[in-house]
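Below, chains carry the letters A, B, ... as their sequence lines are ordered, and counting in each starts from 1.
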Number of protein chains: 2
Amino acid sequence: MYPNFISHIRKYVELDDHSVARLNQYISPLKLKRKEFLLKEGQICQSIYFVEKGCLRMYFIDDKLNEQITQFALEHWWIADHFSFLDNKPSPYFIQTIEKSEILAISTTSFEEMLRELPQMERYFRIIVQRAVAASQLRLKYMYEMSKEEFYQHFSTTFPEFVQRVPQYMIASYLGLTPQYVSELRKKKL
Amino acid sequence: MYPNFISHIRKYVELDDHSVARLNQYISPLKLKRKEFLLKEGQICQSIYFVEKGCLRMYFIDDKLNEQITQFALEHWWIADHFSFLDNKPSPYFIQTIEKSEILAISTTSFEEMLRELPQMERYFRIIVQRAVAASQLRLKYMYEMSKEEFYQHFSTTFPEFVQRVPQYMIASYLGLTPQYVSELRKKKL
DNA sequence: TTCATTTCTTAAACCAGCTTAATTTTTTAT
DNA sequence: ATAAAAAATTAAGCTGGTTTAAGAAATGAA
């Protein structure tokens with residue numbers, strides 16, 4: 001049904017076929033075109049989203065009206081504004097497709113029911129959320145220790161698939177650089 | 001026994017007295033003086049730590065030999081290098097007490113056993129780790145949208161208890177500023 | 001209380017990365 | 001294919017925050 005989703009879960013917990021069938025009850029599949037929104041500023045983030053296929057970005061508008069990208073999500077990544085999702089607060093973020101994408105959504109209420117019915121999923125989410133914390137600790141360490149130039153070079157060599165797939169100005173935004181500066185850095189490297 | 005610990009868990013999940021008794025099996029209490037280490041660079045982070053009383057910092061040494069603080073932990077906060085803890089990799093971090101502290105440690109193996117025996121704890125950790133992700137999303141948003149001056153002013157008005165308790169140069173380090181610049185900002189504000 | 005250590009301040013020179021603004025190239029929709 | 005829109009480049013001037021170097025003040029240990 002959703003091969004990336006199921007195989008991702010089975011990487012971390014055991015899940016028999018009956019549980020897979022039950023799991024489907026809680027999931028809403030979405031087919032989205034390029035530049036469609038899953039969340040807009042001011043809305044409550046009512047679901048967490050799994051990228052079955054495609055690519056998303058999460059961003060907010062800063063005081064100079066720039067779109068500041070804080071996260072990307074490719075295949076088998078989860079994305080949400082967790083603060084908004086957990087506490088039902090309006091989100092400052094937009095979540096938008098960068099390409100045509102297939103997304104699985106689990107709403108707040110489905111999430112709660114699913115975790116009650118399927119304790120393996122409680123375990124699965126504990127593990128992947130813990131991995132998300134590990135990833136954000138690492139990202140933060142890079143931000144502390146690298147200059148912006150190093151940070152860009154590191155990112156583009158570590159994740160070349162992103163540089164292929166995502167416009168350069170979005171990578172600049174994610175890394176906290178101006179597009180002009182990225183352009184300068186690329187020129188310098190050749 | 002450990003009032004902050006138990007009441008913190010009971011904020012998020014139900015835990016009967018029998019479970020509390022079982023829980024104690026998995027916990028190692030530590031009494032530490034000022035400036036003692038729970039983790040040093042190169043070691044594997046074998047435990048996650050709960051601050052029952054006191055104050056910790058987590059930092060690494062950057063290429064200019066500065067101590068870069070990435071996290072603090074006060075009462076009822078958890079702290080660990082999650083990447084090292086999950087994957088048994090050597091950590092680049094130091095975790096050290098700032099004051100005399102009482103810490104509860106749960107080792108990798110205890111953690112696994114505890115989660116198997118007490119499913120409420122799986123749920124508890126899923127929730128608090130999800131909250132940690134929410135907190136780090138928020139922190140990152142602040143880093144994107146604020147100048148270093150704003151970031152300092154925001155931090156010191158939002159967490160005045162930190163400014164009381166932690167030396168100024170550590171706050172500077174945590175915020176990614178030089179101590180000299182913080183000094184300048186304070187002068188400016190008076 | 002005293003000394004040694006740690007922490008904080010001051011000030012001037014410096015620079016990584018931003019701003020502004022105009023032009024060119026690439027991509028998308030029809 | 002073609003026009004319109006979106007993305008990338010170039011270059012000059014500027015600034016927020018760092019670096020370097022001393023000295024002053026606060027704190028902890030004995």
Inset, instruction - Compare side-chain N and O positions of Arg186(B) against OP1 and OP2 of dT9(C) and report whether any pair is under 4.0 Å apart. - result: yes
Taking atom types as they are modelled, is there a donor-acceptor pair under 3.5 Å from the base of dT9(C) to the side chain of Gln180(B)? no
* To do: Go through the side-chain N and O atoms of Glu117(B) and Tyr26(B) and say whether any donor and acceptor fall under 3.5 Å apart.
  => yes
Note to self: Check the phosphate of dT19(D) against Lys64(B), side-chain N and O only, distance under 4.0 Å to OP1 or OP2. Yes or no?
What the structure shows: yes
Basic-acidic side-chain contact under 4.0 Å: Glu99(A), Arg34(A): no
To the nearest angstrom, the CD-P distance between Glu150(B) and dT15(D) comes to 17 Å
Regarding the side chain of Gln168(A), the nearest nucleotide among dG17(C), dT9(D), dT19(C) is dT9(D)
Note to self: Looking at dT28(C), I'd like to know if its phosphate oxygens (OP1 or OP2) sit under 4.0 Å from a side-chain N or O belonging to Lys35(A).
What the structure shows: no
Phe151(A) atom CZ is separated from dG17(C) atom P, nearest whole Å, by 12 Å
Which of dC18(C), dT6(C), dG17(C) is nearest the side chain of Thr178(A)? It is dC18(C)
Flag yes if more than 12 heavy atoms outside Trp77(A) fall under 6.0 Å of its CH2 atom; otherwise flag no.
no
Quick note, Lys148(A) side chain, CB onward, closest among dA11(C), dT9(D), dG17(C) is dG17(C)
Separation of dT19(D) atom P from Asp62(B) atom CG, nearest Å, is 9 Å
Whole-Å distance, Arg57(A) CZ to dA7(D) P, equals 9 Å
Taken to the nearest whole Å, CZ/Arg165(A) to C1'/dT27(C) is 18 Å
Here the distance between atom C1' of dT19(C) and atom CG of Leu177(A), to the nearest Å, is 15 Å
Asn66(A) atom CG is separated from dT20(C) atom C1', nearest whole Å, by 13 Å
Short side-chain to backbone donor-acceptor contact, Thr157(A) and Gln153(A), under 3.5 Å:
yes
Donor/acceptor link under 3.5 angstrom from Glu184(A) side chain onto base of dT9(D):
no
Of Tyr181(A) and Arg34(A), the one whose closest nucleotide on DNA chain C sits nearer the 5' end is Tyr181(A)
Separation of dC18(C) atom P from Met146(B) atom CE, nearest Å, is 19 Å
I'd like to know if the side chain of Ser107(B) and the backbone of Gln46(B) have a donor-acceptor N/O pair within less than 3.5 Å.
no
